[in-house]
Number of protein chains: 2
Amino acid sequence: MPYRRWKRHGHRHGMHRMTEPRRCIMKIFEENAGHLSAEEVFMLANRYLPNIGMATVYRTLDILSQMNYINKIVSYDGRARYELVRDNKIHTHLFCVNCGRVFELPSLSEDLIERLKKDINGNAENMGIDVHSFDVRIQGLCPECKKNK
Amino acid sequence: MPYRRWKRHGHRHGMHRMTEPRRCIMKIFEENAGHLSAEEVFMLANRYLPNIGMATVYRTLDILSQMNYINKIVSYDGRARYELVRDNKIHTHLFCVNCGRVFELPSLSEDLIERLKKDINGNAENMGIDVHSFDVRIQGLCPECKKNK
DNA sequence: ATTGATATTGATAATCATTCTCAATAATAT
DNA sequence: ATATTATTGAGAATGATTATCAATATCAAT
């Protein structure tokens, strides 16, 4: 999402003022690929805003999720991760049922994704739901945990 | 999983004794389709075992997950749900980013699932991971929350 | 069947991510 | 510049899940 559209878009989701902490957290997601936990976002933001509070981080992450600017992902360790929404990117994640970590797997083939989209959007329309994003999730053991079994 | 294989299978995952609470919880999953929270399992078990403790429920759910007898699903409300593993059933769940509830969507078409399996198992082999199950997850708004926006 | 070793239990306390509260502060419209 | 009020940060509160530990129940060996 381009910088200048933040405010306009945010207004629809309860973000009425553009503040330092919010600017900073959005920047962090623009600059860091990957799955950041709230704690990690907090530590990164801390470099620029030493007084930022954890509550602000959570509040901002919440709003950005509602805006569909970031995706919230919850794993088995009961900790949420957040990642920037990128157009047309469908993730395949491995969730290790043993250690709780999240791993990104190679993307599915293009036409498989196209067929998935078609299938899902058809169902979505019938059910009156609003699809923000979707992904394929694998439950299983990561390489490390598989070895130690 | 047939009753008589429980013990044999469980032994590999740290379940060395077959006890009343464990028998009861496994029965609950056999008899209840759907996504049960730990709290719900606790209340159902309570009917038969009035003294069962919450800790036992969590411990048992943990072992049954490790055994791949049930699937653990974590939603946006920070509460886990568990469901019996059924062969060849690939779920498509909607996770409402607003209210946290989980909804089951109509199953994907047979051949789409077959192609997904092939693709995923190929990647799994390359990465040395152990796939217990996989599912498609949609992040978005449920019918109710969509209306109230 | 009895026994002994020990896995499992239930009650409770502890943990840890997340949310709430509220007075102080800062962003925006005017 | 000022008034309005959304937002902040600190710390307390919440709520799901885990750890602790003495008491108990299971099962293998006898």
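The model shown is predicted, which means the values in this text are computed figures rather than measured ones. In the text below, chain A, chain B and the rest are named by the order of the sequence lines, each starting its count at 1.
One distance of note links CE of A:Met67 with NE2 of A:His132; it measures 11.5 Å at 0.5 Å rounding. Separation of atoms CG (A:Asp135) and CD (A:Glu104) is listed at 9.5 Å; rounding is to 0.5 Å. Summarising the geometry, atom OG belonging to A:Ser109 is positioned 10.0 Å from atom CZ belonging to A:Arg115; distances are rounded to the nearest 0.5 Å. Between atom CD of residue A:Glu83 and atom NE2 of residue A:His93 there is a gap of 4.5 Å, rounded to the nearest 0.5 Å.
Scanning all heavy atoms of the two residues, the minimum distance from A:Arg23 to A:Met18 falls at NH1-CG, 3.4 Å.
Sorted by residue number, the members of residues 44-53 of chain A with any non-hydrogen atom under 4.0 Å from DNA chain D read A:Asn51, A:Ile52, A:Gly53.
Proximity of a side-chain donor or acceptor of A:His13 to a complementary backbone N or O of A:Gln66 within less than 3.5 Å is detected.
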Just by protein heavy atoms under 4.0 Å, how would nucleotides 14-23 of chain D read 5' to 3' in B, S and -?
--SBBBB---

Could you list, one pair per line, each protein nitrogen or oxygen that sits under 3.5 Å from a nitrogen or oxygen of nucleotides 5-7 of chain C, together with the distance?
| unit_1 | atom_1 | unit_2 | atom_2 | d |
| --- | --- | --- | --- | --- |
| C:dT6 | O2 | B:Arg17 | NH1 | 3.1 |
| C:dT6 | O2 | B:Arg17 | NH2 | 3.0 |
| C:dA7 | O4' | B:Arg17 | NE | 3.4 |
| C:dA7 | O4' | B:Arg17 | NH1 | 3.4 |
| C:dA7 | O4' | B:Arg17 | NH2 | 3.3 |
| C:dA7 | N3 | B:Arg17 | NH1 | 3.2 |

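Regarding A:His11, its NE2 atom lies at a distance of 13 Å from the C1' atom of D:dT5, rounded to whole Å. Straight-line distance from the CE atom of A:Met18 to the C1' atom of C:dT28: 13 Å, rounded to whole Å. A straight line from CD of B:Glu20 to C1' of C:dT8 spans 13 Å, rounded to a whole angstrom.
Within the nucleic acid shown, B:Thr56 comes within 4.0 Å of at least one base atom, counting heavy atoms only.
End-to-end axis angle of the helix from C:dA1-D:dT30 to C:dT30-D:dA1, from C1' rotation axes over five pairs per end: 50° (rounded to 10 degrees).
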Give the table of side-chain donor-acceptor pairs shorter than 3.5 Å for residues 118-130 of chain B, with sequence neighbours excluded, one pair per line with atom names and distance.
| unit_1 | atom_1 | unit_2 | atom_2 | d |
| --- | --- | --- | --- | --- |
| B:Asn121 | ND2 | B:Lys117 | O | 3.2 |

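For the side chain to side chain contact (heavy atoms under 4.5 Å, CB included) test, residues two or more places apart in sequence or in another chain that qualify with B:Asn32 are B:Ile28, B:Leu36, B:Leu44.
For the residue pair B:Gln139 and A:Asn68, no side-chain donor N or O sits within less than 3.5 Å of a side-chain acceptor on the partner.
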Evaluate side-chain contact (heavy atoms from CB on, under 4.5 Å) for B:Leu61 paired with B:Lys72, printing each intermediate quantity in order.
CA-CA 8 Å; B:Leu61 291 175; B:Lys72 181 179 179 182; over 6 Å; no

